[in-house]
There are 2 protein chains.
Amino acid sequence: MPRLSPRSQPAKAPLSRDAVLDAGLSVLKARGIDGVTMRAVAAELDTGAASLYVYVGNRRDLLDQMFDRVLGELDLDEAPDPSRWRDQLEHLAFRILRVYERYPGIARVPLAHIPTGVNATRGTEYMIALLRAGGVDDRKIAWFIDAASLFICATAYETAIYEEEGRDEGDAIDEIRDAFSQLDPAEFPHFVSLMPLLMQGDGDERFAFGLRMLIDGLIHSEPPHLRVAP
Amino acid sequence: MPRLSPRSQPAKAPLSRDAVLDAGLSVLKARGIDGVTMRAVAAELDTGAASLYVYVGNRRDLLDQMFDRVLGELDLDEAPDPSRWRDQLEHLAFRILRVYERYPGIARVPLAHIPTGVNATRGTEYMIALLRAGGVDDRKIAWFIDAASLFICATAYETAIYEEEGRDEGDAIDEIRDAFSQLDPAEFPHFVSLMPLLMQGDGDERFAFGLRMLIDGLIHSEPPHLRVAP
DNA sequence: ACCTGAACACCGTTCAAGT
DNA sequence: ACCTGAACACCGTTCAAGT
């Protein structure tokens, strides 16, 4: 039986690149990176997987574009201040981590290949500005950004996998404590004696310490010895 | 038509946990971590995927066990020497990286959860021994190991994904140079002026510099301020 | 106890057919 | 031009049936 008018049908939003990315992000938020299947994203839009290929080249392309949208949530408003650049840098790292944590597993995307989106570029621009405000040598800046980005992504990705397996940090620590409680102190004297310290601290504390080491190292390292460009 | 004797059939090695792990490692070496499917490993053993479940709980368990086998290739023979602990530490990090590189993508396994195998434990034991030989504070040792392991794994995993996509580092650099060559210097002044330095150096050089920063940071950082155990 | 084929519930991607 | 259902070539895992 035909409806009175097409208007009475629930309005189905027309597909678009933005609609696909939004659907992808909502699936990502709810089910993590491995839950972002073409079929799941399509279902969110009441269509089939094949329909997505008008707007994204493939799944990898979809994830790349989603990643830059995620980075768009980063707040880069505070102007670099030479008197507290280090504080600002540490806060920036934590803000990036928090953004990644909102989209479980998204941090695997920039591990897979260097992002070239606008928001990623804006983030890098801002980080360089902070480091130059701190008077850091340009060569050291270039390589620090690499190492710091890797550290942030790896940290976020690690916790995301834990969550995806439905365990929180506490469960993981307990399992590990069990596994290691059987160790023979004669064979692993250092390990066994360091166990209590190895188990200390939550993810944020460890991240903060790693970050502090990286920045202390940045300050105290000699610049890398670079070959002259050919 | 029956063969003269069962002996004339090609001897099919009986299945065993070791045989499954060996098959897994050979697939991993040839096709990378995503190529290690239950079906591919089974095919290597002339059987079906279902047969593997006698020896491994599931794919994740298979990969975990394979990871510890990989770490078994690590050479930990050199005794820690207080006069050159730092050199030894840097060499250890490079040896771990090289082992990971032989099995493309295996570094994702320890990112997914903290390894508890014997060889992983031996590696940690050795790293602690080196750091204690260097007189590093125990609290700093515990947290440095976390950060350094993460950095090594992330580095190895990153290059593995590049390879899995069939591109080498050079291709990637070229693509990135292209993508960034269009940037507006007015909008991204720092980025554009730092471009030449951002493109400098190969993976090993960047890894070495990141490692140096971490160790310099380790030396110059204050120990983390830990809560007292409850 | 160990092994297996077939089945189940999934994937990403392509493509001919529709509008 | 955009959308779609069906198909293709895959997955991990389970399970009844064999030995």
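A, B, ... follow the sequence lines: proteins, then strands. Residue 1 opens every chain. Source: prediction; values computed, not measured.
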Partner of D:dA16 under the Watson-Crick or G-U wobble criteria, both distances under 3.5 Å, comes out as C:dT4
Taking a pair as Watson-Crick or G-U wobble with both distances under 3.5 Å, which nucleotide is matched to C:dA9?
-> none
Give the rounded distance in Å between these two atoms: [atom1] of [X] and [atom2] of [N].
X	N	atom1	atom2	value
B:Leu15	C:dA1	CG	P	17 Å
B:Asp46	C:dC3	CG	C1'	14 Å
A:Met38	D:dC11	CE	P	19 Å
A:Arg59	C:dG12	CZ	P	6 Å
A:Asp34	C:dG12	CG	C1'	14 Å

Nearest-nucleotide check on DNA chain C, A:Tyr53 vs B:Tyr55; residue mapping nearer the 5' end is B:Tyr55
Nearest-nucleotide check on DNA chain C, B:Leu52 vs A:Arg39; residue mapping nearer the 5' end is B:Leu52
Will you find, in the side chains of B:Gln65 and B:Tyr55, an N or O donor that is under 3.5 Å from an N or O acceptor?
-> no
State, without any angle test, whether A:Ser26 and A:Glu44 hold a side-chain donor-acceptor pair at a distance under 3.5 Å.
-> yes
Do A:Phe191 and A:Phe180 have ring centroids that are under 6.0 Å from one another?
-> yes
For A:Ser51, report the nucleic acid contact type (base, sugar-phosphate, nothing); a contact means any heavy atom under 4.0 Å.
-> base
Mind telling me whether B:Trp143 and A:Phe209 have parallel, tilted or perpendicular rings, with 30° and 60° as the class edges?
-> perpendicular
Sidechain N-carboxylate O distance under 4.0 Å for A:Arg108, A:Asp34 = yes
Choosing from D:dG5, D:dG12, C:dG5, which nucleotide comes nearest the side chain of A:Ala50?
-> D:dG5
Which of D:dT13, C:dC2, C:dC11 is nearest the side chain of B:Val54? It is C:dC2
Any A:Thr37 side-chain nitrogen or oxygen under 4.0 Å from OP1 or OP2 of C:dC11 = yes
Could you measure between the two P atoms, the one in D:dA9 and the one in C:dA9, and give it in whole Å?
-> 22 Å
